[in-house]
Asker: 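Here it is: the structure, laid out below.
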Amino acid sequence: KVLQKLKDDYVILALYVDDKTEKPESEWFTSKSDNSIKKTIGAQNLDFEITKFNGNAQPYYCLVDSKTEQLIKPPLAYDLNVDVFLKFLE
């Protein structure tokens, strides 16, 4: 049920926060949330998650309107209950 709902109704994007690949120095930035330099793909993705969605759980599910880039509903952290996840997707 979950897979079908995702295939039919969503475009899925993933942020990998454990990717240790260092970006070119020209793409490094200092985080506004913790004042540290973000050098890797994972660190930059985690910083995005924290600053944009106010969370740092993994996985952390966010439903975002493609036109407004705003959250459709509050994010959902890891939960193995299929019914809870299906309700979140509705």
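Excluded from the calculations below are hydrogen atoms, water molecules and symmetry mates; all remaining heavy atoms, backbone and side chain alike, are included. Worth saying up front: this structure is predicted, and the values here are computed from it rather than measured. Residue numbers run from 1 in the order of the sequence given.
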Asker: For F48, give me all partners under side chain to side chain contact (heavy atoms under 4.5 Å, CB included), at least two apart in sequence or on another chain.
Answerer: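 Here the qualifying residues are L15, K52, F53.
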Asker: Could you tell me the separation between the CG atom of L63 and the CG atom of L89, rounded to the nearest 0.5 Å?
Answerer: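 If we round to the nearest 0.5 Å, L63:CG and L89:CG are 6.0 Å apart.
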Asker: By the ring-ring contact (aromatic ring centres under 6.0 Å, His included) test, which pairs, at least two apart or in different chains, include something from residues 60-81?
Answerer: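 Checked against ring-ring contact (aromatic ring centres under 6.0 Å, His included) - neighbours excluded - the pairs reaching residues 60-81 are Y61-F85.
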Asker: Same cluster or not: are F29 and I41 linked, directly or through other Ile, Leu, Val, Met, Phe, Trp or Tyr residues, by side-chain heavy atoms under 4.5 angstrom apart?
Answerer: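 Different hydrophobic clusters.
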Asker: So I72 and V64, do their side chains get closer than 4.5 Å, heavy atoms only?
Answerer: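 V64 does not reach I72 side chain to side chain.
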Asker: Applying salt bridge (Lys or Arg N to Asp or Glu O under 4.0 Å) as the test, list every pair that has at least one member in residues 38-48; sequence neighbours left out.
Answerer: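 Counting only pairs at least two positions apart or across chains, the salt bridge (Lys or Arg N to Asp or Glu O under 4.0 Å) contacts touching residues 38-48 are D34-K38.
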Asker: Is there a path of hydrophobic side-chain contacts, each under 4.5 Å between heavy atoms of I, L, V, M, F, W or Y residues, that connects V2 with L80?
Answerer: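 No; L80 is not reachable from V2 via cluster members.
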Asker: Should the heavy atoms of other residues, nucleotides or ligands under 6.0 Å from OH of Y16 be counted, would the total exceed 12?
Answerer: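 No.
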Asker: Applying side chain to side chain contact (heavy atoms under 4.5 Å, CB included), can you list everything that pairs with L13, at least two apart in sequence or on another chain?
Answerer: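 If we apply the side chain to side chain contact (heavy atoms under 4.5 Å, CB included) test to L13, skipping adjacent residues, there are no hits.
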Asker: Checking D8 now: which residues fulfil side chain to side chain donor-acceptor pair (under 3.5 Å) with it, not counting sequence neighbours?
Answerer: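 By the side chain to side chain donor-acceptor pair (under 3.5 Å) rule, D8 matches Q4.
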Asker: Who pairs with T30 by side chain to side chain donor-acceptor pair (under 3.5 Å), at least two apart in sequence or on another chain?
Answerer: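 Partners of T30 by the side chain to side chain donor-acceptor pair (under 3.5 Å) criterion come out as none, since no residue qualifies.
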Asker: Which pairs count as salt bridge (Lys or Arg N to Asp or Glu O under 4.0 Å) when at least one residue sits in residues 79-90, sequence neighbours excluded?
Answerer: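 Only K5-E90 qualify under salt bridge (Lys or Arg N to Asp or Glu O under 4.0 Å).
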Asker: Output the rest of the hydrophobic cluster of I37: all Ile, Leu, Val, Met, Phe, Trp and Tyr residues reachable through side-chain heavy-atom contacts under 4.5 Å, sorted by chain and number.
Answerer: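 I37 clusters with W28.
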Asker: Could you list the residues that satisfy side chain to side chain contact (heavy atoms under 4.5 Å, CB included) with T68, not counting sequence neighbours?
Answerer: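 Per chain and number, T68 pairs via side chain to side chain contact (heavy atoms under 4.5 Å, CB included) with D65, Q70.
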Asker: Output every pair passing salt bridge (Lys or Arg N to Asp or Glu O under 4.0 Å) with a member in residues 11-28, not counting sequence neighbours, ordered by first then second residue.
Answerer: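 Non-adjacent pairs meeting salt bridge (Lys or Arg N to Asp or Glu O under 4.0 Å): K23-E27.
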Asker: My understanding is that only residues two or more places apart in sequence, or in another chain, count here; which of them pass side chain to side chain contact (heavy atoms under 4.5 Å, CB included) with I50?
Answerer: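 Testing I50 for side chain to side chain contact (heavy atoms under 4.5 Å, CB included), a comparison that skips the adjacent residues, returns S33, L46, N56.
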Asker: For a 4.5 angstrom cut-off between non-hydrogen side-chain atoms, does K1 reach V82?
Answerer: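 They are not in side-chain contact.
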